[in-house]
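Below is one structure, written out as structure tokens, with a few remarks after it.
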Amino acid sequence: MNATANSEAVRLRVDGVSKQYGDMTALAATDLVIRKGEFVSLLGPSGSGKTTLLNIVAGAAMPSTGRVLLDGRDITHLPSRERNLGMVFQHYALIPHMTVFDNVAFPLKVRGVAKNEIADRVRAVLATVRLDQLTDRKPSQLSGGQQQRVSIARCLVYDPPVILMDEPLGALDKGLREAMQFEIKRLHRQLGITALYVTHDQDEAMALSDRICVMNNGSIAQLSAARELYYQPTSKFVAEFLGESNVLPGKVTSSGSTIEVELDEGAGSVRSTQPCTLKPGEQAFAMMRPESISIAATPGQTAADNKLACTVEGVEFIGGVSRVRLRAAGNIALSVKLLSSHKPLATLASGDHVWVTWSPSDTILLDRTHDA
Ligand SMILES: Nc1ncnc2c1ncn2[C@@H]1O[C@H](COP(=O)(O)OP(=O)(O)OP(=O)(O)O)[C@@H](O)[C@H]1O
Ligand SMILES: [Mg+2]
């Protein structure tokens, strides 16, 4: 193993960090490595431990066990102000009586940077976040998105090794949120900042992150790039938390490159060609995304496909796509997403008997004992 080469790229390392409040475990022993220039999001439901982990990295909370390393240096016991990390919160925490310029200059003044250099650096960073026309305004004279850009500029200006953000766009409305996501992504690309970003918005996490750390009940459920989380979830929790999914309970009945799962309640069987470690006899969930399923009047010609006879329960128009809700034998509920422009949709009605078909390569098998 080439440990030296690996550690060179590592900016932040969280090593067996946990947090206990009395007998309540807010964070179970957690390992996390963030490389230089990487944008990692902590994504998970309320109370899953996102802020707890971020606060431990920030130095705002002390871990019960474990260590935090920044560029290989143990900072676990270093006071927050000496860690030099950038912080952006949901509430911007700008200094109300200071102008935009002075708010952004503040961290440099505190660090004793010379006046000329402060002016140059503040102007440059305000141009980067596109606030160079508003330098003399007070925070109260700015929109929410502009205030949030000031607080981001206030971090960028002293070039911290990591920027920590806790739901920074949580207070903004949808349009502004999306514009700011684009802005943050642009800054990340342009400046190569390293960021640890907390959100409970899956679209935001997917739009921004190199990797997403999905958290559940104080533990990391899965840590991967967005595409892998979506197409190769390792648990029912992740499959259901990220996007929509169909999850069919059953039992593995074969092994090899194509694995067969017999569904519960005699509902039939499905096949998967996705890599899987489950053995014959083990309980499994077969999972497929609603957009990878087709609907047809007949079982179709492709023998390799999975098929289930279903009854249509409803068709919902949700803009560019429509959701068809169906029910198969064994009381299995299925959701299929089709482009609304798809012609056969127009004639589909509740009560229709149809076939759903999908490919074994779009079928993921999940360990059922994992999410019991
Ligand atoms: N100071 C504290 N004392 C006791 N329990 C705490 C304390 N801080 C957090 N917790 C608990 O730890 C768990 C994790 O909290 P945390 O704030 O990390 O969640 P979160 O994922 O950030 O949630 P949210 O999305 O709601 O912000 C929660 O159950 C919370 O109630
Ligand atoms: Mg939180």
Side-chain angles (χ1 to χ4, degrees), residues 12-34 39-68 70 75-77 79-81 83 85-93 144 147-148 151-152 155 162-174 176-178 180-181 184 194-224 226 229 233-243 371:
L12 184 72
R13 182 184 292 275
V14 168
D15 202 0
V17 160
S18 72
K19 183 70 182 176
Q20 202 75 29
Y21 290 106
D23 55 8
M24 140 89 197
T25 305
L27 189 69
T30 297
D31 299 326
L32 177 66
V33 168
I34 301 182
F39 198 113
V40 173
S41 290
L42 303 177
L43 173 71
S46 185
S48 57
K50 307 180 296 293
T51 296
T52 301
L53 179 52
L54 195 84
N55 282 344
I56 289 171
V57 172
M62 198 41 72
S64 306
T65 63
R67 302 185 308 159
V68 180
L70 182 66
I75 59 165
T76 318
H77 300 286
S80 184
R81 61 180 184 282
R83 298 185 184 202
L85 301 173
M87 298 286 292
V88 180
F89 301 100
Q90 180 168 353
H91 297 287
Y92 324 117
Q147 291 183 53
Q148 196 53 296
S151 64
I152 292 170
C155 280
V162 181
I163 296 188
L164 306 173
M165 300 192 235
D166 196 350
E167 307 253 4
L169 310 183
L172 307 179
D173 63 43
K174 191 168 180 287
L176 207 48
R177 233 182 131 98
E178 282 170 5
M180 279 300 294
Q181 284 170 14
I184 291 174
T194 308
L196 183 57
Y197 188 99
V198 169
T199 180
H200 58 246
D201 179 336
Q202 47 165 294
D203 291 340
E204 185 164 299
M206 289 199 265
L208 290 173
S209 318
D210 295 313
R211 287 189 301 154
I212 300 173
C213 179
V214 181
M215 301 198 58
N216 185 28
N217 275 330
S219 293
I220 296 180
Q222 194 172 349
L223 171 60
S224 300
L229 285 179
T234 55
S235 63
K236 180 170 174 270
F237 173 80
V238 172
E240 291 182 332
F241 192 75
L242 230 80
D371 290 274

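Quick note: numbers below take in every heavy atom, side chains included, and nothing from hydrogens, waters or symmetry partners. Atoms within each ligand, like the ligands themselves, are counted from 1 in listed order.
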Using non-hydrogen atoms of the residue, decide whether Gly44 is closer than 4.0 angstrom to ligand 1. no

Gly49 versus ligand 1: do any nitrogen or oxygen atoms come within less than 3.5 Å of each other? yes

For a distance under 2.8 Å, tell me if Ser46 has an N/O/S atom near the Mg ion (ligand 2).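 No, since none of the N, O or S atoms of Ser46 sits under 2.8 Å from the Mg ion (ligand 2).
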
Can you find a side-chain donor-acceptor pair between [X] and [Y] that sits under 3.5 Å?
X: Ser18; Y: Thr65; answer: yes
X: Thr199; Y: Glu167; answer: no
X: Asn216; Y: Ser48; answer: no

Is there a side-chain contact between Leu85 and Val57 in this structure, where contact means two heavy atoms from C-beta onward sitting under 4.5 Å apart?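 Yes - at least one pair of side-chain heavy atoms lies under 4.5 Å apart.
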
Is the shortest heavy-atom distance from the side chain of Tyr197 to the side chain of Leu208 under 4.5 Å? yes

Which residue and non-hydrogen atom of the protein lie closest to [atom], and at what distance in Å?
atom: atom 16 (P) of ligand 1; answer: Thr52 OG1, 3.5 Å
atom: atom 23 (O) of ligand 1; answer: Gly47 N, 2.8 Å
atom: atom 26 (O) of ligand 1; answer: Ser46 OG, 2.5 Å
atom: atom 13 (C) of ligand 1; answer: Met24 CE, 3.5 Å
atom: atom 27 (O) of ligand 1; answer: Thr51 OG1, 3.9 Å
atom: atom 1 (N) of ligand 1; answer: Tyr21 CE2, 3.4 Å
atom: atom 25 (O) of ligand 1; answer: Lys50 NZ, 2.7 Å

Considering only heavy atoms of Pro45, which atoms of ligand 1 have at least one such atom less than 4.0 Å away?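 With Pro45 as reference, the close atoms of ligand 1 come out as 21 (O).
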
Just which atoms of ligand 1 are under 4.0 Å from any heavy atom in Ala26?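 Within the 4.0 Å cut-off of Ala26, ligand 1 contributes 12 (O), 13 (C).
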
Evaluate the criterion salt bridge (charged side-chain N to carboxylate O under 4.0 Å, His left out) for residue pair Lys50 and Asp166; output intermediate values, then yes/no. CA-CA 9 Å; Lys50 307 180 296 293; Asp166 196 350; over 6 Å; no

Does the pair Ile152 and Ile184 meet the rule for a side-chain contact (heavy atoms from CB on, under 4.5 Å), with working shown? CA-CA 9 Å; Ile152 292 170; Ile184 291 174; 4.0 Å; yes

Does some non-hydrogen atom of the protein lie less than 4.0 angstrom from atom 29 (O) of ligand 1?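 Yes.
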
Is any NZ, NE, NH1 or NH2 atom of the basic residue among Asp31 and Arg13 found under 4.0 Å from an Asp or Glu carboxylate oxygen of the other? no

Quick one: does Arg67's side chain have a donor or acceptor within less than 3.5 Å of a partner on Ile75's backbone?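 Pair absent, no side-chain N/O of Arg67 close to backbone of Ile75.
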
